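In what follows, every chain begins at residue 1, and chains take the letters A, B, ... in the order their sequences are listed. Nothing here was measured: the structure is a model prediction, and the numbers come from that model.
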Number of protein chains: 2
Amino acid sequence: MTTPAQGLHSHVLAALGLAITAGEYPPGTVLRTDELAQRFDVSRTVVREVVRVLESMHLVESRRRVGVTVLPTARWNVYDPQVIRWRLAGADRPRQLRSLTVLRSAVEPVAAGLAALNATPEQCRELTEQALGMVATSRGRRLEEYLVHDIAFHRVVLSASGNEMFARLGDVVAEVLTGRTHHHVMFEDPDPAAVTLHVQVAEAVRERDAARAEELTRRIAVGALQELDVLAP
Amino acid sequence: MTTPAQGLHSHVLAALGLAITAGEYPPGTVLRTDELAQRFDVSRTVVREVVRVLESMHLVESRRRVGVTVLPTARWNVYDPQVIRWRLAGADRPRQLRSLTVLRSAVEPVAAGLAALNATPEQCRELTEQALGMVATSRGRRLEEYLVHDIAFHRVVLSASGNEMFARLGDVVAEVLTGRTHHHVMFEDPDPAAVTLHVQVAEAVRERDAARAEELTRRIAVGALQELDVLAP
DNA sequence: CGGAAATTAAAAGTACGACTTTTATGTCAC
DNA sequence: GTGACATAAAAGTCGTACTTTTAATTTCCG
């Protein structure tokens, strides 16, 4: 189960990106393009393009007469959705899930507050609909369906905030929720309290109650963090 | 005053990235690699590498038989520091500054709270030092020096939070603060209230008072937002 | 023996040309 | 009009040759 790989470029990029983010090449490791070309059985052209992309993500640095050096984690563009996906697929998924969840706990309440001020009627409707969808699928081992509504719900909130930076975190949240659902054993149904909170957030937004929307979302976030504490080291 | 351009790649990348983020090519615009190669007087090889990087930032999409299509703003990787820099240099700098400041207002208080729990003695010391530096340079048209301390201060807070995602926002905050300082007419000295708040945050962190650190930082953020409201449409 | 200057070579950067693959679009038969 | 087919346009890939930078080594002078 590797990558679809429609094109040599994506294939090599996925392979290298995954390997690097997985820590397979410790920081400071030096790779040579010729060697990589040989290893993946592609032309140097393809490798160079891949390296350029990796370089733009600050995963590696390419210097003449030296080669392609793997950079320390601290330099990585950890907001790049691609990098996030690679890391979530790799070894330290728990650590990654935690730091992303903390980020969510900071951003989403504020976003919800703004959404209460800025959401269009259409967005309010969508929000309510997704919350109801969550309620409907919250019992009876329907986690996959629940997940779809959950993701949609948070996407709408972030998007309705009217802030571009928040809106763009939709993908990140989707990755987190997906990772979380697929990681846990997936036997239980979601926490009923969380479901209720989502419904109430939808209400608060509809009623333009920013403070309440913010506070309720904060509770969702705290819950998510606690859940993580329980289920991860 | 373009880019240092050590290497054809960076030159073309900067030119194209800047042009696209500036809205010079509206979404849907189609570029052809041959044409670009000719226009910038470089080989197709270089153009292709640039396009690949632009593609990884989701600024463009390259499809066979079609060409390189400029994507709508909503698709852009707005967390990529490079993209942020390009956009801050471009036309809608005010809008960009605002959305980034809102992001800060969500993240930094939480980060400060965590910093109070996690900061090392060394980080506490550094924090105090920078706060004092801000005090020292807060009067007498020393905005450039003040800026250095301000940036350093916020970097330490974000870094001391112990959360990787927060830490990586240091660059973004640096860009915002720099953009802000250089945008405003730079006649006045910084708001004394803000300076005091920074000193108090350093105190709160040192005393491990998370709630207070969070609250004080929130006030800094609110102040920054209000300042923006006053000085921008 | 030491340190600076010149030399060397290794690796990335760039260029070019040939070829392949995908696919939007236009054409033709029905 | 609709569907099958042919066409061509553009990106994708490859190989090779050449340039440029620069780490490392060697040389040479004090």
### Task
Would you tell me whether A:Thr128 and A:Arg206 have side-chain atoms, one donor and one acceptor, within less than 3.5 Å of each other?
yes
Side-chain N or O of [X] less than 4.0 angstrom from OP1 or OP2 on [N]?
X: B:Arg63; N: C:dA24; value: yes
X: A:Thr33; N: C:dA12; value: yes
X: A:Ser62; N: C:dG13; value: yes
X: B:Arg48; N: D:dA11; value: no

Separation of atom [atom1] in [X] from atom [atom2] in [N], rounded to whole Å:
X: B:Gln38; N: C:dA15; atom1: CD; atom2: C1'; value: 15 Å
X: A:His9; N: D:dA11; atom1: NE2; atom2: C1'; value: 13 Å
X: B:His11; N: C:dT14; atom1: NE2; atom2: P; value: 12 Å
X: A:Glu61; N: C:dA11; atom1: CD; atom2: C1'; value: 15 Å
X: B:Glu55; N: D:dA11; atom1: CD; atom2: P; value: 11 Å
X: B:Glu49; N: D:dA11; atom1: CD; atom2: P; value: 15 Å

### Query
Between B:His149 and B:His154, is the ring centre distance below 6.0 Å?
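Ring centroids of B:His149 and B:His154 are no less than 6.0 Å from each other.
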Please pick, from [options], the nucleotide with the shortest atom-to-atom distance to any side-chain atom of [X].
X: A:Arg64; options: C:dC16, D:dT22, C:dA24; answer: D:dT22
X: A:Ser43; options: D:dC14, C:dA15, C:dT14; answer: D:dC14
X: A:Arg32; options: C:dT14, D:dT13, C:dA12; answer: C:dA12

Does any non-hydrogen side-chain atom of [Y] lie less than 4.5 Å from one of [X]?
X: B:Arg168; Y: A:Asn77; result: yes
X: A:Leu16; Y: A:Val50; result: yes
X: A:Tyr146; Y: A:Arg141; result: no
X: A:Phe166; Y: B:Val102; result: yes
X: A:Arg104; Y: A:Leu177; result: yes

#### Entry: Axis bend over the full length of the helix from C:dC1-D:dG30 to C:dC30-D:dG1, computed from five pairs that close each end, to 10 degrees
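Here the local axes at opposite ends form an angle of 10°.
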### Task
Please confirm whether any donor atom in the side chain of A:Arg65 sits under 3.5 Å from an acceptor in the base of C:dA11, or the reverse.
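By the distance-only test, no, there is no pair.
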### Message
What I want to check is whether an N or O donor and acceptor connect the side chain of B:Arg44 with the base of D:dG12 at under 3.5 Å.
### Response
yes
### Message
Once you apply a heavy-atom cut-off of 4.0 Å, does B:Val51 come out as touching a base, just sugar-phosphate, or nothing?
### Response
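No contact at all - B:Val51 keeps every heavy atom at 4.0 Å or more from the nucleic acid.
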